[in-house]
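The structure presented is a predicted model; accordingly, all values stated were derived computationally and were not measured. No hydrogens, no waters, no symmetry mates; every other heavy atom, side chains included, goes into these values.
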Amino acid sequence: MNSKKATDIRYSILRIVRCVAFLLTLTFSAPYTVLAQINTDRMMNIARNALSYNDYVLSISYFNIVINYKPHLYEPYFYRGVAKFYLDDFSGTILDCTEAIKRNPYFPNSYELRGLAYINQQQYSLAVQDYQQATELSPDNRLLWHNLTLCHIELDSLNKADSIANIVIKKWSKHAEGYNIKAQIQLQKKDTAAAEALIDQALKVDKYNVNSISAKAGILISHEQYDEAIKYYTESLRLNPQNASSLINRALCYYHLNKYNEAMNDYDLALDFEPRNFIGHYNRGLLRAQVGADNLAIEDFNFILSINPDDMMATFNRATLLENTGDYQGAIRDYTTVINEYPKFLYGYERRASARRLVGDTAGANRDEEHVLKERIAQRYGYSTPTSRQENKTRKQSDFNIEDYNKLVEEDNSKQEQTYESEYRGKVQNREQSAKLILPNQNTYNIYKEAGQDSIITYFEQAFQDAQAGNLNEAIAGFTRVIEINDTFAEAYFNRGLLKLLADDSHSAIPDLSKAGELGIFQAYNIIKKNQNLKKKTK
């Protein structure tokens with residue numbers, strides 16, 4: 001997965017609301033039941049209104065009330081899953097959709113939403129199962145077929161993807177996306193000519209389709225027709241001015257045409273729209289270095305390394321820039337980091353030797369130069385010297401050559417980022433919240449004491465103390481004991497989730513934080529979102 005990450009979450013949730021609104025009007029004969037049903041309807045309406053106004057945490061509170069009162073209904077589970085999806089709580093979305101499906105296995109939107117959550121967790125095989133079920137229940141929903149095809153592409157099931165794309169084109173011959181998705185399959189099969197023909201067909205169907213226009217520009221880049229590619233990217237940006245991917249790709253074209261000012265302007269604008277765009281920072285850093293703006297280039301590479309410290313390409317580029325600006329110790333540090341990962345990277349030794357001489361480390365510089373000489377002789381006469389480390393870390397999955405450290409990230413047209421389509425907007429709240437351990441309030445303590453559960457407070461406080469002392473395993477075990485005694489102790493879930501994140505166990509941390517959010521600690525959702533964003537930036 002490369003440079004075009006563009007999760008296209010379109011349209012409005014109102015269609016989903018309308019699809020199931022009629023299910024909330026059931027009536028009962030007994031007076032008490034009628035009153036209860038009215039209350040349930042009222043809670044559902046309040047919750048759905050909060051959802052439509054993007055107040056996801058408030059909507060979850062009301063859906064919780066309905067679920068507690070009417071646990072046999074599937075709608076509140078589904079809608080609560082929607083709210084969690086907006087908050088990037090994909091684990092929670094999956095759990096809620098699963099509960100909705102248990103209660104009503106014939107509602108396609110539950111499968112669709114769970115499939116989207118699986119996609120966001122890169123669990124494409126499970127997403128395929130959900131989309132297959134959804135297409136059986138709703139065969140005329142084009143978006144379901146579209147996403148099902150893309151999941152097969154992700155799994156490299158290209159023949160299956162191609163057969164589904166043919167279905168999409170047959171059912172919706174006047175819709176450009178069917179041709180676009182089939183073109184992606186051909187690109188992955190390395191058949192550029194077939195892909196270009198399909199993209200041209202898509203443009204005949206809809207000359208204003210942004211995806212088709214951008215795809216055509218990508219094909220032109222592969223042919224090194226940069227002037228023509230710029231025209232298409234410019235048209236794409238006319239239709240969608242804030243598309244950072246188009247700006248970055250157009251900047252790449254300008255770079256190849258030696259139009260550095262235009263390229264720099266596009267990188268700057270792209271990063272205004274997407275300040276955390278990895279490729280934008282990487283390429284702008286290289287361009288800044290090329291025009292002599294070393295300190296600004298260092299800022300770009302510092303940013304890259306703040307989100308992905310293991311990026312050796314960025315580390316080496318920063319090392320050369322630090323050396324240029326007189327920070328020789330910093331340069332030596334970075335050169336050493338790269339050499340430890342790539343012991344056969346001889347240019348790294350040469351650069352480190354240069355920096356070592358500048359700080360008066362003649363012995364160290366001599367060792368580096370002797371190593372380079374020894375390796376050059378070995379290469380010339382066809383024998384190898386032993387190495388103890390696998391060379392495998394680079395800025396890009398498809399590029400495993402550290403020698404390419406100074407090359408801009410190019411478009412990989414054979415494996416583009418996929419554009420999933422959905423009714424769900426994916427808009428999220430992102431209030432700043434501190435990620436720190438929390439204690440229950442006094443009322444909570446009183447409730448447990450009145451119930452004769454003093455032991456649970458003792459266990460919680462001991463776990464809290466272990467956490468503050470840095471004893472993660474003991475603290476996690478302590479909070480687990482609390483949860484085993486009372487599985488609605490929100491603070492225990494929250495704290496255990498935070499500790500698991502500290503232990504790099506996000507797989508089990510996120511469900512804990514999701515449960516904490518569900519139980520009322522809504523700052524948990526902000527932590528979940530930040531964790532999801534970090535995962536996206538380090539892939």
pair [X]-[Y]: side-chain heavy atoms closer than 4.5 Å:
X: Gln188; Y: Asp156; result: yes
X: Asp96; Y: Arg114; result: no
X: Asp130; Y: Tyr118; result: yes
X: Asp55; Y: Val57; result: yes
X: His152; Y: Leu158; result: no
X: Leu501; Y: Ile527; result: yes
X: Thr149; Y: Ile185; result: yes
X: Ser110; Y: Asn104; result: no

Point to revise | Over 12 non-hydrogen atoms of neighbours within 6.0 angstrom of CZ in Arg103 | key: yes
Give, for atom [atom1] of [X] and atom [atom2] of [Y], the distance between the pair rounded to the nearest 0.5 Å.
X: Ser236; Y: Ile213; atom1: OG; atom2: CD1; result: 6.0 Å
X: Glu112; Y: Leu137; atom1: CD; atom2: CG; result: 11.5 Å
X: Ile199; Y: Gln184; atom1: CD1; atom2: CD; result: 8.5 Å
X: Lys500; Y: Asp512; atom1: NZ; atom2: CG; result: 4.0 Å
X: Gln186; Y: Thr192; atom1: CD; atom2: OG1; result: 10.0 Å
X: Leu498; Y: Leu513; atom1: CG; atom2: CG; result: 5.5 Å

Point to revise | Stepwise side-chain hydrogen bond (donor to acceptor under 3.5 Å, both in side chains) check, Tyr56 with Asn54 | key: CA-CA 5 Å; Tyr56 311 123; Asn54 306 330; 3.1 Å; yes
Under a 3.5 Å threshold, yes or no: a donor from one side chain and an acceptor from the other, between [X] and [Y]?
X: Asn209; Y: Glu177; value: yes
X: Tyr131; Y: Asn147; value: yes
X: Asn283; Y: Tyr267; value: yes
X: Arg48; Y: Asn45; value: yes
X: Tyr62; Y: Asn64; value: no

Under 3.5 Å, is there a donor-acceptor pair between the side chain of [X] and the main chain of [Y]?
X: Arg496; Y: Ile483; result: no
X: Asn308; Y: Ile304; result: no
X: Ser138; Y: Thr135; result: no
X: Ser246; Y: Asn243; result: no
X: Ser514; Y: Ile510; result: no
X: Ser214; Y: Asn211; result: no
X: Asn120; Y: Leu116; result: yes
X: Tyr493; Y: Asp487; result: yes
X: Ser157; Y: Ile153; result: no
X: Ser173; Y: Ile169; result: no

**Study point:** Criterion salt bridge (charged side-chain N to carboxylate O under 4.0 Å, His left out) on Arg481 and Glu484, from CA distance to verdict
**Key:** CA-CA 5 Å; Arg481 182 178 295 178; Glu484 288 171 350; 5.9 Å; no
Exercise for review: Take Arg80 and Glu518, measure what salt bridge (charged side-chain N to carboxylate O under 4.0 Å, His left out) needs, and give me the verdict at the end.
Suggested key: CA-CA 9 Å; Arg80 191 174 71 178; Glu518 185 179 307; 3.5 Å; yes
Point to revise | Qualifying salt bridge (charged side-chain N to carboxylate O under 4.0 Å, His left out) pairs with a residue from residues 233-251, counting only residues at least two apart or across chains | key: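 Of all non-adjacent pairs touching residues 233-251, those that pass salt bridge (charged side-chain N to carboxylate O under 4.0 Å, His left out) are Glu235-Arg238, Arg250-Asp266.
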With [X], which residues qualify under ring pair (Phe, Tyr, Trp, His ring centres under 6.0 Å), at least two apart?
X: Phe460; result: Phe479, Phe489
X: His281; result: Phe303
X: Tyr459; result: none

Exercise for review: Please collect all side-chain hydrogen bond (donor to acceptor under 3.5 Å, both in side chains) contacts where either partner lies in residues 197-208, sequence neighbours excluded, each pair once.
Suggested key: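 The answer is Asp200-Lys216.
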Looking at every heavy atom in both [X] and [Y], which two are closest together, and how far apart are they?
X: Thr93; Y: Gly81; result: OG1-O, 3.1 Å
X: Ala524; Y: Ala516; result: CB-CB, 4.3 Å
X: Glu491; Y: Pro440; result: OE2-CA, 3.7 Å
X: Ala127; Y: Cys151; result: CB-SG, 3.8 Å
X: Pro241; Y: Leu247; result: O-CD1, 4.4 Å
X: Ala176; Y: Val205; result: N-CG1, 3.9 Å

Review point. Is any side-chain N of the basic residue among Lys171 and Asp140 closer than 4.0 Å to the acidic one's carboxylate O?
Key: yes
Exercise for review: Can you sort out the partners of Ala477 under side chain to side chain contact (heavy atoms under 4.5 Å, CB included), two or more places apart, ordered by chain and number?
Suggested key: none
Exercise for review: Classify the ring geometry between Phe78 and Phe107 as parallel (under 30°), tilted (30 to 60°) or perpendicular (over 60°).
Suggested key: perpendicular
Point to revise | Evaluation steps, side-chain contact (heavy atoms from CB on, under 4.5 Å), between Cys253 and Tyr233 | key: CA-CA 10 Å; Cys253 295; Tyr233 281 127; 4.2 Å; yes
Check your understanding: What residue among Glu75, Met44, Lys84 forms side-chain contact (heavy atoms from CB on, under 4.5 Å) with Phe63?
Key ->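 For Phe63, the side-chain contact (heavy atoms from CB on, under 4.5 Å) test succeeds with only one of Glu75, Met44, Lys84, which is Met44.
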